[in-house]
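Residues: numbered from 1 along the sequence shown. All ligand and atom numbering here is 1-based and tracks the order in the structure.
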Amino acid sequence: MKFFIDTAYIDEIKEAAAMGIIDGVTTNPSLVAKTGRTFRDVLVEICDVVKGPVSAEVVATTCDDMMQEARALAALRPNIVVKIPLIAEGLKAVRLCAQEGIKTNVTLCFSATQALLAAKAGASYISPFVGRVDDISSGGMDIVADIIEIYRNYDFDTEVLVASVRHPIHVLEAARMGADVATCPHKVLMQLVKHPLTDIGLERFLADWEKVPK
Ligand code: G3P
């Protein structure tokens, strides 16, 4: 399974990249807004650090306007993947992007049938938002399982990118289901690293090392 980091903070991206654990980056307008920087500056800097796919979201809501944004974003760096919302106009734009060779990440997906449409339109990635589904007392990961089953049934090339990941159990379940990608906030990546027995074990080894004659 590939790991993407879901952030627009360059320091978080650099740290995860240095650990060799990330294959790409996802951003969205909310994440970019938190940085206080311009969208272009943030994107270009991220693409200089990470050579894998970097998702950049359009903010238009009509197909024509989305396509203008998509072409401009794709022209910025070769590894940019254009993030498009799962609405009717968005599907039209996904289809045109596929015809023009622009990679897309279809975002704000909350059902397996939406995901089926995205695959038919030619999406490179589908992003089911599991945490937000859990938030309304439904099963986010159940949707991911359905999507994986459906995509396998029909051999779609669209990659399943588990998004809105909130905790390590989402990642564990995504990996067990065979999802292609999980995009995780920096905090969740660090939670995956940590284990209390690792910390206790290290502390004991270091204390015992002090007893070894030097
Ligand atoms: O990748 C989508 C993600 O950024 C949404 O996460 O936590 O805002 O639901 P969240």
Side-chain angles (χ1 to χ4, degrees), residues 1-13 15-17 21-37 39 42-43 45-47 49-50 52-61 66 69-70 73 79-87 90-91 93-94 103-112 114-115 118-119 123-145 147-148 158-175 177 179-192:
M1 186 174 71
K2 286 173 271 193
F3 276 107
F4 290 178
I5 185 167
D6 194 31
T7 184
Y9 286 122
I10 198 73
D11 289 349
E12 293 184 348
I13 294 167
E15 192 194 15
I21 58 172
I22 57 160
D23 304 290
V25 180
T26 50
T27 66
N28 64 37
S30 309
L31 294 172
V32 175
K34 282 189 202 168
T35 68
R37 303 175 61 203
F39 188 29
V42 169
L43 272 184
E45 196 172 354
I46 292 174
C47 290
V49 175
V50 176
V54 174
S55 287
E57 191 155 341
V58 299
V59 289
T61 52
M66 283 181 193
E69 282 185 48
L73 289 169
N79 54 331
I80 285 187
V81 173
V82 179
K83 220 169 166 186
I84 296 182
L86 211 161
I87 56 176
L91 291 175
V94 169
K103 293 208 162 180
T104 52
N105 173 0
V106 177
T107 188
L108 292 168
C109 171
F110 294 95
S111 77
Q114 282 184 311
S124 315
Y125 299 91
I126 183 69
S127 285
F129 273 33
V130 297
R132 293 191 195 183
V133 174
D134 291 353
D135 287 346
I136 57 161
S137 302
S138 208
M141 292 309 298
D142 295 342
I143 295 170
V144 174
I147 297 171
I148 291 172
T158 306
E159 292 192 48
V160 180
L161 191 168
V162 179
S164 185
V165 164
R166 300 278 170 76
H167 48 68
I169 301 296
H170 278 147
V171 180
L172 175 67
E173 290 183 352
M177 285 175 190
D180 300 287
V181 191
T183 188
C184 306
H186 180 268
K187 179 182 159 217
V188 174
L189 288 175
M190 294 307 133
Q191 286 173 323
L192 291 170

Identify, by atom number and element, the atoms of ligand 1 in contact range of [X], meaning under 4.0 Å from any of its heavy atoms.
| X | value |
| --- | --- |
| Phe129 | 2 (C), 5 (C) |
| Ala163 | 1 (O), 2 (C) |
| Asn28 | 3 (C), 4 (O) |

Top protein contact for [atom], by heavy-atom distance:
| atom | result |
| --- | --- |
| atom 7 (O) of ligand 1 | Arg166 NE, 3.1 Å |
| atom 8 (O) of ligand 1 | Arg132 NH2, 2.8 Å |
| atom 6 (O) of ligand 1 | Ser164 CA, 3.4 Å |

* To do: Give a yes-or-no answer on whether the side chains of His167 and Gln191 include a donor-acceptor pair shorter than 3.5 Å.
  => no
* Asked: If you measure only the distance, is there a donor-acceptor pair under 3.5 Å linking the side chains of His186 and Asp11?
  ->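 Result is no, nothing qualifies.
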* Would you say Asp6 and ligand 1 have an N/O pair spaced under 3.5 Å apart? ->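 Between Asp6 and ligand 1, an N or O pair is found under 3.5 Å apart.
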* Asked: Should Thr183 be counted as touching ligand 1, given the test is an N or O pair under 3.5 Å?
  ->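 No, since none of the N or O atoms of Thr183 sits under 3.5 Å from an N or O of ligand 1.
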* Asked: In chain order, what residues pass the side chain to side chain contact (heavy atoms under 4.5 Å, CB included) check against Ala70, with sequence neighbours excluded?
  ->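 Here the qualifying residues are Val82, Cys97.
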* Listed by chain and number, what are the side chain to side chain contact (heavy atoms under 4.5 Å, CB included) partners of Val181, not counting sequence neighbours? -> Lys2, Phe4, Tyr125, Glu159, Leu161
* Measure from the side-chain N and O atoms of Thr158 to the backbone N and O of Ile126, and report whether any donor-acceptor pair falls under 3.5 Å. => no
* Nearest atoms (heavy-atom pairs only) where Ala112 meets Ile147 ->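 That would be CA-CG1, 3.8 Å.
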